[in-house]
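Contents: one structure, followed by commentary.
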Amino acid sequence: QVQLAESGGGSVQAGGSLRLSCAASGMIVTDYCMVWFRQAPGKEREGVAAFGSIGGPTYRDSVKGRFTLSKDPAKNTLYLEINSLMPDDTGTYYCAAVRGRAYSCSFRFPPSEPDYWGQGTQVAVSA
């Protein structure tokens with residue numbers, strides 16, 4: 001049974017940093033397209049960063065330079081380092097896995113694309 005468990009969210013002031021984690025079980029993160037989605041209050045869920053089996057991570061323009069996506073194969077865990085947090089970063093962050101797209105991974109996948117989701121972790125940024 002595949003499970004994705006996010007952690008690391010919290011309430012921070014603008015300019016602060018957080019490190020989100022996504023611990024996977026029942027699957028191997030390096031074999032999947034792994035995507036972090038974000039859902040701001042009242043808005044649709046959107047992908048912000050993705051990491052496939054080849055190449056490096058890719059990012060939505062609005063988070064480039066501030067978000068860093070990495071994975072630790074030994075821990076089977078995905079990380080999202082978020083720096084220079086802004087109020088617009090507020091929302092629920094979800095880790096998702098897309099089967100069969102490890103070599104064509106994209107943060108642009110719609111929310112209908114992933115096969116597995118975590119429960120989400122809340123990030124609240126105050127001005």
Side-chain angles (χ1 to χ4, degrees):
Q1 182 181 358
V2 173
Q3 288 189 325
L4 299 173
E6 302 97 331
S7 60
S11 297
V12 297
Q13 289 191 322
S17 298
L18 285 172
R19 188 193 195 204
L20 309 184
S21 299
C22 171
S25 59
M27 58 164 283
I28 300 173
V29 295
T30 52
D31 290 345
Y32 283 72
C33 168
M34 301 299 298
V35 186
W36 278 98
F37 283 80
R38 172 174 71 189
Q39 188 162 20
K43 295 188 177 179
E44 293 186 354
R45 196 173 296 189
E46 63 176 11
V48 294
F51 208 156
S53 291
I54 58 172
T58 57
Y59 305 94
R60 181 172 290 276
D61 283 349
S62 59
V63 307
K64 263 182 196 174
R66 300 187 301 116
F67 286 29
T68 302
L69 180 55
S70 62
K71 46 188 174 182
D72 185 339
K75 295 183 178 179
N76 207 28
T77 298
L78 196 70
Y79 300 101
L80 186 67
E81 186 89 27
I82 309 176
N83 297 310
S84 302
L85 275 157
M86 304 187 299
D88 282 351
D89 294 321
T90 293
T92 303
Y93 285 71
Y94 298 91
C95 174
V98 185
R99 202 168 41 196
R101 302 297 295 270
Y103 294 95
S104 56
C105 192
S106 174
F107 62 84
R108 295 185 178 89
F109 287 152
S112 57
E113 195 75 22
D115 299 279
Y116 306 107
W117 289 91
Q119 81 287 353
T121 186
Q122 299 273 355
V123 172
V125 185
S126 56

Taking all non-hydrogen atoms of both residues into account, name the closest pair between P111 and W117 and its distance. O-CZ2, 3.3 Å
Should L18 and D89 count as side-chain neighbours, where that means a heavy-atom distance under 4.5 Å? no
Would a distance-only check, ignoring hydrogens and angles, find a side-chain to backbone donor-acceptor pair under 3.5 Å from Q39 to G91? no
Members sharing M86's hydrophobic cluster, built from side-chain contacts under 4.5 Å between Ile, Leu, Val, Met, Phe, Trp and Tyr, are none
Sequence neighbours excluded, the answer for side-chain contact (heavy atoms from CB on, under 4.5 Å) partners of A40 is K43
List the atom of G118, the atom of Y94, and the distance in Å for their closest heavy-atom pair. O-CD2, 3.7 Å
What residue pairs, at least two apart or across chains, pass side-chain hydrogen bond (donor to acceptor under 3.5 Å, both in side chains) with a residue in residues 13-23? S17-N83
Side chain to side chain donor-acceptor pair (under 3.5 Å) against Q122, all qualifying residues, sequence neighbours excluded: T92
Once side-chain contact (heavy atoms from CB on, under 4.5 Å) is applied, do any residues pair with E113, and if so which ones, sequence neighbours excluded? V98, R101, F109, P110
Distance-minimising heavy-atom pair for T90 and P41: O-CD, 3.8 Å
Output all residues satisfying side chain to side chain donor-acceptor pair (under 3.5 Å) with K64, sequence neighbours left out; order by chain, then residue number. D61
Under 4.5 Å between side-chain heavy atoms, chaining through other members, with only Ile, Leu, Val, Met, Phe, Trp and Tyr counted: pull out the rest of the cluster around Y79, sorted by chain and number. none
Disulfide bond (SG atoms under 2.5 Å apart) contacts in which one or both residues fall within residues 79-127, not counting sequence neighbours: C22-C95, C33-C105
Does S11 have any side chain to side chain donor-acceptor pair (under 3.5 Å) partners at least two apart in sequence or in another chain, and if so, which? none
Applying side-chain contact (heavy atoms from CB on, under 4.5 Å), name anything that partners V63, two or more places apart in sequence or on another chain. R38, V48, Y59, R60, R66, F67
Nearest heavy atoms of P57 and F51, plus distance in Å: CD-CZ, 3.7 Å
Closest heavy-atom pair, N76 versus I28, reported as atoms and distance to 0.1 Å, is OD1-CA, 3.5 Å
With sequence neighbours left out, what residues match Y116 under side-chain contact (heavy atoms from CB on, under 4.5 Å)? V2, L4, Y32, A97, R99
